[in-house]
Amino acid sequence: MTAPVTRFAPSPSGNLHVGGARTALFCYAYAKGRGGKFLLRIEDTDQKRSSDAASLGFLKDLEWLGLRWDEGPEFEAPDGSRVGGGPHGPYFQSERLAIYDREIARLIAAGKAYEAFDTAEELDAARAAARAAGRPYRYDGSKALALSPADRARLAAEGRPGVVRFRSGERAVTIHDEILGDATLPAGEVDDFVIRKADGYPTYHFAVVVDDETMGVTHVLRAQEHFNNTAKHLLLQEALGYRRLTYGHLPLIFNPDGSKMSKRDKDRALREAVVAAGLEASPAGDDGRPLVDHETFLRWKGDKTVQLAADAATAVADAMGVALPEINVEDFRRSGYLPEVLVNFLALNGWSPGNDLEKFDLAFLCSRFDLDRVVKTPAKFDRAKLLAFNLDAIQAMDAGTFLRRLRAHGERYHPEFLRTLGEPRLAILAAASQPRSKTLDEVFRGNRALVVADDVLVHERSKAVEKALLKGEPTGLDLLAKAKESLAAIPSAEWSPARLEQAMNEFAGGHAGGNIGKVAQPLRVAVTGGTVSPPIFDVLAILGRDSTLRRIDRCLAAFAGATA
RNA sequence: GGCCCCAUCGUCUAGCGGUUAGGACGUCAGGUUCUCAUCCUGAAAACGGGAGUUCGAUUCUCCCUGGGGUCACCA
C-alpha cells in the first residue's frame with residue numbers, strides 16, 4: 001500500500017474552530033503516522049466570503065497546534081521555518097478555475113452535465129411547494145434537459161446567467177465508510193445538483209472531487225455532516241473516471257447542552273453579561289473611546305441575530321471582566337491552554353487508544369491513530385476536563401519551562417504586565433503561581449493588583465475582607481498595624497520570600513498565637529485589595545518593600561474607624 | 001417530513017458472548033494548607049425499552065423510543 005495523502009480543506013476564515021482543529025488533527029495523525037502527506041487546501045469558491053490574507057488567520061492556529069502541512073498555502077512559522085508550497089498547487093480553489101472548467105466541459109461533452117437557466121424565484125417556489133407537500137425537494141431537470149442548443153444559445157445571449165448541473169442518473173449509491181461502515185442511499189436521493197454556479201465558480205462538491213483527484217489525495221477524513229454529500233462525490237468521481245478514495249466520517253463535537261458550537265455562543269454569552277450588568281453603552285477602551293461605536297453596540301444588544309466582530313467581542317468582554325466561551329483555537333490559546341493539551345484533549349473526543357490511557361502527545365497519536373478506533377457517536381465538549389488536563393500539564397512542567405511559557409503568553413496577551421513587573425519579579429510570580437494555576441492566563445488575570453499603582457489600588461468591601469480585617473480580637477487591622485512595624489524593620493536588600501516568612505512567623509508567634517493565617521490574610525487584603533492571591537510572602541516580595549508598606553498604610557487609612 | 005447514521009455513569013470513553021461493566025473529568029464526604037488553587041482518602045454514579053438468536057447477552061438480529069446529520073447557485 002502506498003503512503004496515504006490526507007487533506008484538511010476549510011473555507012477561508014480568520015479562525016480555526018475546535019471542530020475543524022480536531023478534523024485537521026486526525027487527518028494529520030493518519031497521514032504522518034503512515035509516512036504519508038498532509039495537505040491543506042483553501043475552499044474559497046464562495047465569492048461572498050472574503051479570502052484576503054487576513055482571512056487565513058487560522059494557519060497560525062494549525063501551526064501552533066503543531067500541525068504543519070506538507071503541501072498547501074505558504075506560511076512562515078514563528079520559528080522562521082517555511083510551511084506549505086508543493087507540486088499540486090495552487091492550493092486555493094479560486095485559482096484553479098481553469099481546471100474545473102476543463103473537467104466540466106468533459107462532462108458536458110459526454111452528456112453527463114447540462115446547463116440550466118432556472119431563476120432563483122423558480123427554484124424557491126419549487127422548494128416551497130415540496131415543503132408544503134411534505135416532500136423532500138429534488139431538482140426537476142426535465143425543463144432544462146428539454147432545451148435545444150439553440151435555446152441555450154439564445155438564453156446565454158440574453159445574458160441569462162446559467163448554471164451547470166450534474167446528471168446524477170437517479171440510482172442508489174453505496175458509501176463505504178471506514179468509520180461508519182457501509183450505507184446505501186436509495187435511488188432519487190441525489191438529484192441533479194449544481195456543479196458550476198452562475199458566477200463561473202464551481203460548487204464545493206465539484207471542486208472537492210477534482211482537487212482530491214488532481215492533488216493525489218487518498219483518504220478523506222471529514223466531519224459527519226458531509227456523509228450524505230459523499231454520494232454526490234462518488235457519482236462525480238465515476239463520471240469523471242477518477243480514482244476511488246477511502247472515506248472516514250468523524251463524529252461531530254457539540255456544546256455540553258447538545259447545541260452546535262458556534263461563534264454565536266460568544267455573542268450570546270456577552271449579550272447576557274451586558275444585559276445583566278445593565279450596560280447601555282459600550283465600555284471604553286484605554287483611549288477613553290467606546291470599544292464599539294454606540295449605534296453598532298445598541299443594534300447588537302437588541303438583536304440576537306447580529307454578531308459583533310470577534311476582536312470587538314473579546315475587547316468588550318475583557319473590559320467587563322467576563323470570560324467568553326472558547327470556540328476557536330485562538331480562544332483557547334488566549335485563555336491560557338497549552339497546545340499539546342488541546343491536541344490531547346481534542347483527540348479524546350472521538351478517539352481513544354484503549355487500555356485506560358488518555359494522556360498522550362501528538363507523536364503518540366500519530367503512531368497509534370487508526371480509523372477503526374474512531375467512535376461513531378457525537379461528543380459533547382467538556383471544558384472542565386480540558387481544564388483539568390491543562391492543570392496536570394502545568395503541574396508536570398519544570399519551573400524553567402513554566403516561566404518561559406508563561407512569559408511567552410504574557411508577551412502576547414499581557415505585554416503591559418511584563419513591562420511593569422520585569423524579569424526577576426516575573427520569576428517569583430511564576431514560581432508562586434505554578435502550583436495553583438490551571439491556565440497560563442489566570443496568572444495574569446488573577447494578579448492585576450500586582451501591576452496597578454499603589455495609590456489607585458482599591459480595597460474591596462466584601463464580607464470576606466471585613467472578616468479578615470475587622471473580626472476577632474485583636475482584629476486583623478490591629479495585627480496589620482503591628483506587623484507593618486516588623487516588616488519595616490527589614491531592609492530592602494533582605495526583602496525575600498524566605499526572609500519575610502521568617503519575620504512574619506516570628507510575629508505571629510508573638511501576636512497571634514502562632515497562627516500565621518491571622519497575619520497573612522490582613523496582609524493579603526492590604527496589598528492586593530482582595531482575599532485571594534498567591535502565597536502572601538511571594539506577593540510581598542514581588543511588590544517590594546516600599547510598595548508593601550505604602551499599601552498597608554493605605555489599607556489602614558481606608559478602614560480606619562470601620563466596624564464589622 | 002423523506003433519506004442516512006448513531007445509542008455504556010452527568011461528560012469523554014474502555015469493553016469486541018461469560019467482567020464485582022474499567023478509567024478519566026465532574027459531583028459528594030473527609031483530610032492537608034496563610035487565602036485561592038493544588039494535593040491525599042473514600043463514596044455515589046451507566047449498559048434507553050421490547051422481542052428474538054444463544055447454555056448465556058452490554059456485546060449478534062429486528063422493532064420501538066431517543067439523539068444526530070442531510071435535503072442551497074454555503075462549505
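In what follows, every chain begins at residue 1, and chains take the letters A, B, ... in the order their sequences are listed.
- In this structure, the CG atom of A:L342 is 15 Å from the C1' atom of B:rC12, given to the nearest Å.
- Evaluation of the side-chain contact (heavy atoms from CB on, under 4.5 Å) rule for A:D370 yields A:Y30, A:R34, A:D372 as partners, not counting sequence neighbours.
- Between B:rC4 and B:rC63, the two P atoms lie 12 Å apart (nearest whole Å).
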*Base versus backbone protein contacts along nucleotides 30-39 of chain B [heavy-atom cut-off under 4.0 Å; B, S, -]*: ----BBBBS-

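- Whole-Å rounding puts the A:N255 CG to B:rC12 P distance at 12 Å.
- For the C1' atoms, the distance from B:rU58 to B:rU8 is 7 Å, rounded to whole Å.
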With a cut-off of 3.5 Å and sequence neighbours excluded, list every side-chain donor-acceptor pair involving residues 347-359 of chain A.
| from | atom 1 | to | atom 2 | distance (Å) |
| --- | --- | --- | --- | --- |
| A:N349 | ND2 | A:F345 | O | 3.1 |
| A:E358 | OE1 | A:K385 | NZ | 3.1 |
| A:K359 | NZ | A:D392 | OD2 | 2.8 |

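- The aromatic ring centres of A:F369 and A:F26 sit less than 6.0 Å apart.
- In this structure, the side-chain contact (heavy atoms from CB on, under 4.5 Å) partners of A:I108, at least two apart in sequence or on a different chain, are A:I104, A:A113, A:V164.
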_Under 4.0 Å protein heavy-atom contact, by nucleotide of nucleotides 67-75 of chain B - B base, S sugar-phosphate only_ = -SBSBSBBB

List, with names and distances, any nitrogen or oxygen atoms from the protein found under 3.5 Å away from nitrogen or oxygen atoms belonging to nucleotides 18-22 of chain B.
| from | atom 1 | to | atom 2 | distance (Å) |
| --- | --- | --- | --- | --- |
| B:rG22 | O2' | A:D356 | OD2 | 3.1 |
| B:rG22 | N2 | A:D356 | OD1 | 3.0 |
| B:rG22 | N3 | A:D356 | OD1 | 3.4 |

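- The separation of B:rG68 from B:rU11, taken at their P atoms, amounts to 13 Å, rounded to a whole angstrom.
- Distance check on atom C1': B:rG42 versus B:rU32 gives 15 Å, rounded to whole Å.
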